[in-house]
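I have placed the structure first, in the form of structure tokens, so that the comments after it can refer back to it.
These numbers were taken from a predicted model, which means no experiment stands behind them.
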Amino acid sequence: MRKFLIAAIAVSIPALAIADAATDAVKARQEHMKGYGQNVGVLSKMAKGEVDFDSAAAQQAADALAELAGKDASGYWLPGTSSDDMPGVSYAYPALWQDGAKAGEIAGQLREAALALQGVAGTDRAAMAKALGDVGKTCQDCHKDFRMKKD
């Protein structure tokens, strides 16, 4: 019996490590996306006139967005971490892995839009708002094809 338990534990440890890696990847990408959301939220309030335009705060948020968009996020998108694989945990459709080229293209467009926003964010509200719209469009493009809506 003791040998059976030791063998069962030895076999289950690698499976637990794989499950932890998948969960960690999903959590890391969700935190990354929350970073986008927080910074877009700061800029969006200014763009809508809900708060006064603050060039320093706008620039800080745009800098953070550009940094996030330029970060290598490839480790966040492990096979086996789709919404089908991890229901209730992951909201990424399997289509993301099936059409990685399109997802990569959208990620490139986000990087470009974030850099453009970074270049004008601290200048004035109108320029920042226009550039923020381009960032928002890329977010919508990706979410439309690759992200399940949360309940």
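Of all the heavy atoms in F146 and A95, the pair that sits closest is CE2-O, 3.5 Å. Taking every heavy atom of both residues into account, A61 and V42 meet most closely at CB-CG1, 4.1 Å. Of all heavy-atom pairs between A47 and L132, the closest is CB-CD2, 4.2 Å. Taking each heavy atom of L96 and A103 in turn, the nearest pair found is CG-CB, 4.2 Å. Between G70 and R111, the shortest heavy-atom distance links the atoms CA-CD, 3.9 Å. Shortest non-hydrogen contact noted between A127 and V120 is O-CG2, 3.6 Å.
Residues D99 and D145 have side chains not in contact (no heavy-atom distance under 4.5 Å, counting atoms from C-beta outward). Side-chain contact between T81 and W97: present, with at least one pair of heavy atoms (C-beta onward) separated by less than 4.5 Å. The shortest distance between side-chain heavy atoms of S90 and R29 falls below 4.5 Å. Contact annotation: the side chain of L117 approaches that of M128 to within less than 4.5 Å [non-hydrogen atoms, C-beta and beyond]. At a threshold of 4.5 Å between non-hydrogen side-chain atoms, the residues S83 and Y93 count as touching. Put simply, the side chain of E67 does not reach to within 4.5 Å of the side chain of D63, judged on heavy atoms.
Separating the OG atom in S55 from the CZ atom in R125 is a distance of 14.0 Å, to the nearest 0.5 Å. Taken from CZ in F53 to CG in L43, the straight-line distance is 8.5 Å, to the nearest 0.5 Å. Taken from CG in D20 to NZ in K27, the straight-line distance is 8.5 Å, to the nearest 0.5 Å. Summarising the geometry, atom CD belonging to E105 is positioned 11.5 Å from atom SG belonging to C142; distances are rounded to the nearest 0.5 Å. Taking CG of D54 as the reference point, atom CD of Q59 lies at 11.0 Å (rounded to 0.5 Å).
For Y36, the side chain to side chain contact (heavy atoms under 4.5 Å, CB included) criterion is met by H32, M33, L65, L68, A69, L110, not counting sequence neighbours.
Legend: side-chain hydrogen bond (donor to acceptor under 3.5 Å, both in side chains) pairs involving residues 133-142, not counting sequence neighbours, sorted by first then second residue: K137-D141.
Ion pair K34/E31 flagged as a salt bridge, since at least one NZ, NE, NH1 or NH2 atom sits closer than 4.0 Å to an Asp/Glu carboxylate oxygen.
Side-chain polar atoms of S82 and D84 form no donor-acceptor pair below 3.5 angstrom.
In the hydrophobic clustering of this structure, Y76 groups with I106; members are Ile, Leu, Val, Met, Phe, Trp, Tyr whose side-chain heavy atoms approach within less than 4.5 Å, directly or through other members.
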